[in-house]
Amino acid sequence: MNLKITVICGSALLIFVFALFAGPVPINPFSAGELEREILMSIRLPRVVVSLLMGLGLGASGAVLQGILRNPLADPYILGISSGAALSAALGIIVGMSFWGVLTVPVLAFIGALVTGVFVGAMGWKRGGFWPERLLLAGVGLGFLFSAMLMLLMSISSDEGMRRAALWIFGDLALADWSIIPYGAAFITAGFALALSRGKALNALILGDELAYSLGFAPRKERFILFIAVGLMTAASVSLGGMIGFIGLLIPHIGRFIIGADSRVLVPMSAVGGGALLCIADLVGKSVLSPVELPAGIITAVIGAPYFLYLLRRKDVLSI
Amino acid sequence: MERDTVTKGQLDRARRDVQLFFLLCAFVSLCLCDGFSEASAEPPQRIVSLAPSITEIIYATGIEERLVGVTTFCDYPDAAQDKPKIGGMSNPSLEAVLSLKPDIVLMTTDGNPKEFQAKLHSLGMKSYVVEALTLPELPEGIRKMGRVLGEVQKFELLAADIEMRITRLRNNRGMSRKRVLFIIWPEPLIVAGADTAVDDAIEILGSTNIASEAQGRYPKYSLEEIYRQSPDVIFFGKGKGMSEVSQGLLSRIAAVPAVKEGQVYYVSDKLFRLGPRAIEGVEELAGYLNR
C-alpha cells in the first residue's frame, strides 16, 4: 500500500515538473534565456499550478461525493454546481462584463456555483438533514434547467460570443494567472482539509446511516460538513478554468481499483491523480495543434476514458 | 391470407392516386419554372440579406429600399436595424424569410448554413451566394452581385472605389515589414488567423500576420507563441470594454516587444466584416503600421 502511494505521488511530481519544461517548444531549465524564463514564470508555472489545483479539487470532490451520496455515478457536476457556474460565467462572457477586470469571469463563476450549491443543499434538506436521493435529484433537475438557460443564452448571442463561452465551458487553462491562484488555492485547500479531516466519518457513511450511527458518527452532520467541503472545492475549481469532465467521476474509481476504497487514502490519492491527469491533458492539448490550443477538458476524457475501460475490463467489481 | 389479397378496386384507386400525384408534381414544377423565368427577366425587387456584410453593400450602393429583410446582426448603418428581421446568420428562420416574399435571398459562404440554400430551393425561392472570402476578392464579388440585382453601374462604382483604395494602400506601404498580431478577444485568447479580412489587410500593408500559420481562421492562440513570435505591433479589435478586458493579457505579455515599446493599439471592428467598411479598417491599420 505504502509503495503504491509513493509511486503515485512520485509520478505525479514527475508529471508536474515534466509539464513545466515540455510543451510545443521544450525549455531546458539549465540553459534558459530571458525569454524562456519569462515563459516559464508567467505562463507555464501558473498554468501547471492551476491544473494541479483544479484536478485536486475535482478528484477529491468526486471521491467524497460518491461516498456521501453512496452512488458510483456521482461526480462534482451532478449536483448542478458547475452548470450554475457555467451559466453565470457564460452570461458574463457573452455580455462582455468586465467590472472586476481579469477576475470578472472567475468571480461570476464562483458566485454562480455557490448560489447553486446553497440552493441544491436547501432542496436536499428535509427533516433536519441531507437526503442523498433528494440532493441528487435536486442537482440533476437544476442542472437541466441551467443547461437549458445556457443553451438559450448561446442561441440568441452572436457567433463570436458563443464561441468564447463554449471555449470557457470546455475548460480553458490558458486563463491561468497568478492573480487568481491565491483565491482558488485558499478555497480548494480549505475544502480539501475539511474533507480529509472527516475521512473516518466518510468511511462510516459509505456503510450506511445505521452503521455510521453505531460507529459513533452523526450521519446528517457529517454529510453536511462533507457537502460544504465538496461545494467549496467544486466552485473554486470550476471558476479557475471552466468545466473539466471525467476527473471527478472516474479518477476515484481508478483510485479504488488501484489502492482500495478506504476514504482516508482514496480522497488524497484521487486529488493527486486528478492533478496529474489534468497536467498531462493540458500539456497534450496545447502541444498537438500548436500554436492553436485545444481545451484540456476534451483531452482528459480522451486519455482517461480508455484507461478506465481497460481497468473495468480487468477487475470484476465496481462499487463505492 | 386476407391481408395479402388486393381487390381490383383497391388497385385502381392506388393507380389513380399515383397518376394524380404526378399530375400535381408536373403542375407545381410548371408554376415554379414560370416563377424563375419571370424573376430572371427583370431585376429582383424584394431582397432579403442573410449577412451584415451584404446588408452594408446594399446600403452603400443606395438600393436599400429594395431590401425587405435582414438578420438580427445587421446593425450598420443604423437604418438597417429598422428593417424586418429574419433571425441570425447561422440560424435564419425559413418562415420569416418566406413571409417576406423575397424575389431573391442573398447569402454568404461565411456564416450561413448550406442546407438553408437547399431548403430555399426546394420551396422555389431564388437565392444567390456572394462569393467573396478575401478582401482582394471583394470588388469582384460586389460586381457579380450587381449583375444579379440588375444594378451594374452602382455596384461598379463601389467596387472600383475599393479597388482604387487597395491599390493606393499597396503603393504607400511602410518601409519596414512589421510582425503583427491582431487580437479579437483576449480571454480566451482568440486572434485573427489566415483567410480573414484582417490577414488580407496586414498583407496589403506589407506586414506579416504572425498567426497566419495557425490552424483555423480565428484560432485560440497560445500565449507562449506570442512570446516566441515576439510581434512588433499588437492590435485589439474594439469591443465592449476591450481596454479593461485586455489589461490582464497585456500584463502577462509585458516582456513582448510590442507591449514594451507601446505598440499596442485599439482599432475599430470594421475589419470583422467583409463589407464596404473593411477598406476603412485597412486604412486605419495603415495609420499605425506606416508610422
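Just so we're on the same page: letters track the sequence lines, and every chain starts at 1. What you see is a predicted model, and the numbers here were worked out from it, not measured in a lab.
Within a 6.0 Å radius of OH in Tyr266(B), more than 12 heavy atoms belonging to other residues, nucleotides or ligands are found. By the neighbour-count criterion of 12 heavy atoms within 6.0 Å, atom CZ of Phe18(A) is sparsely surrounded, having that number or fewer from other residues, nucleotides or ligands. Crowding of Tyr183(A) atom OH: a count of heavy atoms from other residues, nucleotides or ligands under 6.0 Å not exceeding 12.
For the atom pair CZ (Arg252(B)) and CD1 (Ile43(A)), the distance works out to 8.0 Å, reported to the nearest 0.5 Å. Rounded to the nearest 0.5 angstrom, Ile39(A) CD1 and Tyr227(B) OH are separated by 7.5 Å. Rounding to the nearest 0.5 angstrom, the gap separating the OG atom in Ser42(A) from the CD atom in Glu224(B) is 9.5 Å.
The candidate with the highest count of non-hydrogen atom pairs below 4.5 Å against chain A, out of Pro219(B), Gly88(B), Pro188(B), is Pro188(B).
For residues 202-215 of chain B, a heavy-atom distance under 4.5 Å to chain A picks out Ala214(B), Gln215(B), given by residue number.
Residues Val292(A) and Tyr221(B) form no side-chain contact, since every pair of their non-hydrogen atoms from C-beta on lies 4.5 Å or further apart. Contact of the Leu223(B) side chain with the Arg47(A) side chain is not registered, since no non-hydrogen atoms from C-beta on lie closer than 4.5 Å.
Applying the side-chain hydrogen bond (donor to acceptor under 3.5 Å, both in side chains) test to Lys220(B) and every residue at least two apart in sequence or in another chain returns Asp172(A), Glu293(A).
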